[in-house]
Amino acid sequence: MNKITESILYVGCNDKDLDLFEGQYSVPNGISYNSYVILDEKVAVMDTADKRVTDEWMRQLEEALNGRVVDFLIVSHMEPDHAANIKTIVERYPNLKIVGNAKTFNLISQFFDIDISKRKIEVKESDTLNLGNHTLQFFMAPMVHWPEVMVTYEQSEKILFSADAFGKFGVLNIEDNWIEEARRYYFNIVGKYGAPVQTLLKKAANLEIAMICPLHGPVLKEGLEYYLDKYNTWSKYEAEEEGILVAYASIYGNTANAAIKIAELLNSKGKKAVLIDLARTDKSRALEYAFMYSKMVVAASSYDASVFPCMHEFLLRLQHKNYQNRSVAIIENGSWAPSAGRVMKELISTMKNVEIYDTLISIKSTMNEENIKQIEELAERF
Ligand SMILES: Cc1cc2nc3c(=O)[nH]c(=O)nc-3n(C[C@H](O)[C@H](O)[C@H](O)COP(=O)(O)O)c2cc1C
C-alpha cells in the first residue's frame, strides 16, 4: 500500500494499455488515475477512478480501509476518468455522503441514476469539512477544465488535492521527465483556460502548500515553486523558451525543403529553431511545441483550393486552445493557384495578439532565386 503520509494512502491505478486518452491523445506510457484515502475519525476518499480499473481500484481501496467504511467521497471533478465509479462506491457504502458543489450534483444526475438527495453535502468557496485531525477546505476552480472543478486543501498536512491541475500523462512507475508529459497534458487538456488557471494559482498563493496530489501523474513533494512557476507561465500564454517552431506540411517534399532551409539558416545564426513535420508528429506534441516557443513559421502546400489538411488541423487546434501572444511567418506552396497562404493567414488572424510577418513567401512548386532571398531575409528578421 502506497502511503502518501501516515494517514493518507494512494489507491489510484496505472493504465498501461489505453490507446487514446480522452478519445484522441496518444499515451505511449499510459496514464494513472489517482485516488486517495484519508483515514481519520471519519474516512474520506478523494475521487474515484476510470471504469477501466474499477476492480483494481476497489480492491486497493478496501485494502487501505482495512475493514473501515467510507464516510465521505469528495468529488473534485466529474470527468469519467475520475468519476466513473461514483455509483460503485455509493452502492458499496450505503451511508457514504458525496461532497461536491452545486454544479457537481447537476452532473452526477446526468451520469448516474442514483438518489443523491440524502447523500449530498453541497459545499461553496472556502467551506470546510472536519474529519477529526484533518480538515478539508474547498476552493472552486471552474473551467480548470470543467465547470464543476474544485480543489481541496487539507489544512493539517498542508496538502493540495489539485484535481486535473499539475497532472501529466504516463503511469507512475516510470522514469521520465515530468515537464514534457505535463506540458503536453496542460496545453491539450487545460490549455484553453488560461484565465481560470490564473485565478486558481492566485488562490493557491494564499495557502502554505507542502505537497500537491493531482489526479494524474506523481504526487509533487519537493521544489513546488518549479511546478507553480511553469503553470504560471503556461496559463499566461507566455513562451517558455525564446525559439522558433518551424512546422511544415508537405505533399511531395518541396515545402519541406523550404522549411528545412529556414530552420538551418536560423540555427546557423545561433537562433533556436525546431523543425517538425506535421504529417508525422503527434498532434498533441506539435501543439505543445507551438506554445513552448516564442515564434513560429508555418509552411504548407496548397490542397484543393485550401491548405494541406494536417496544417489545417494544426491551426484549428491552436485556435481552439487559445494560441496567442506570438509572431508567425507564413510560407505557402502551390503549382497552379496557391491557396495555402490565404487559408493559413485567415485562421491565424483570428488569434489574439498574434503578429503575422508581412511577407508571405509564395513558392510555385519548387523554390526559385526570389524565394531563397525571401527566406534569407526572413531568417535575418527573426
Ligand atoms: C490533392 C491535391 C490537391 C492540390 N490542390 C492544389 C491547389 O488547390 N492549388 C495549387 O496550386 N496546388 C495544388 N496542389 C499541388 C501542390 O500544392 C503543389 O504541387 C505544391 O507545390 C506541393 O508542394 P510540396 O512538394 O511541398 O508538397 C494539389 C496537390 C494535390 C495532391
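Values below: all heavy atoms of this structure, side chains included; hydrogens, waters and symmetry mates excluded. Worth saying up front: this structure is predicted, and the values here are computed from it rather than measured. Each ligand, and each atom within it, is numbered from 1 in the order the structure gives.
- At least one side-chain heavy atom of Asn232 sits less than 4.5 Å from a side-chain heavy atom of Gln198.
- Looking only at atom types and distance, the side chain of His216 has a donor-acceptor partner in the side chain of Asp81 under 3.5 Å away.
- Closest heavy-atom approach to atom 16 (C) of ligand 1 among the candidates Ala340, Ser302, Ala249: Ser302.
- In the model, His134 has a side-chain atom that pairs as donor or acceptor with a side-chain atom of Ser7 under 3.5 Å.
- Atoms of ligand 1 lying under 4.0 Å from at least one heavy atom of Thr255, given by number and element, are 23 (O), 24 (P), 26 (O).
- Near Pro338, with a cut-off below 4.0 Å to any heavy atom, the atoms of ligand 1 are 11 (O).
- Taking Tyr33 as the reference, nothing meets the ring pair (Phe, Tyr, Trp, His ring centres under 6.0 Å) condition, with sequence neighbours excluded.
- Checked against a 3.5 angstrom limit, the closest N/O atoms of Ile251 and ligand 1 fall inside it.
- Below 3.5 Å of separation, one finds no N or O of Ser306 facing any N or O of ligand 1.
- Distances below 4.0 Å separate heavy atoms of Ser365 from the following atoms of ligand 1: 21 (O).
- Residue, atom and distance of the protein heavy atom nearest to atom 19 (O) of ligand 1 are Ser335 OG, 2.7 Å.
- Nearest to atom 23 (O) of ligand 1 by heavy atom, out of Asn257, Asn333, Val307, is Asn333.
- Side-chain contact between Ser126 and Gln137: present, with at least one pair of heavy atoms (C-beta onward) separated by less than 4.5 Å.
- Counting protein heavy atoms only, atom 31 (C) of ligand 1 is closest to Tyr252 OH, 3.2 Å.
- Within a 6.0 Å radius of NZ in Lys42, other residues, nucleotides and ligands contribute 12 heavy atoms or fewer.
- Contact of the Leu220 side chain with the Phe166 side chain is registered, since non-hydrogen atoms from C-beta on lie closer than 4.5 Å.
- Within ligand 1, the atoms closer than 4.0 Å to a non-hydrogen atom of Ala305 are 7 (C), 8 (O), numbered from 1 in the order shown.
- In this structure, Tyr153 has its ring center at least 6.0 angstrom away from the ring center of Phe138.
- Ranking the protein heavy atoms by distance from atom 15 (C) of ligand 1 puts Trp336 CZ3, 3.7 Å first.
- Ion pairing between Lys269 and Glu264 fails under the 4.0 Å rule for side-chain N and carboxylate O.
- Among all protein heavy atoms, the one lying closest to atom 1 (C) of ligand 1 is Tyr303 CE1, 3.5 Å.
- Of the protein's non-hydrogen atoms, the one nearest atom 5 (N) of ligand 1 is Asp304 N, 2.8 Å.
- Nearest residue to atom 9 (N) of ligand 1 from Ser339, Ala299, Ala337 is Ala337 (criterion: closest heavy atom).
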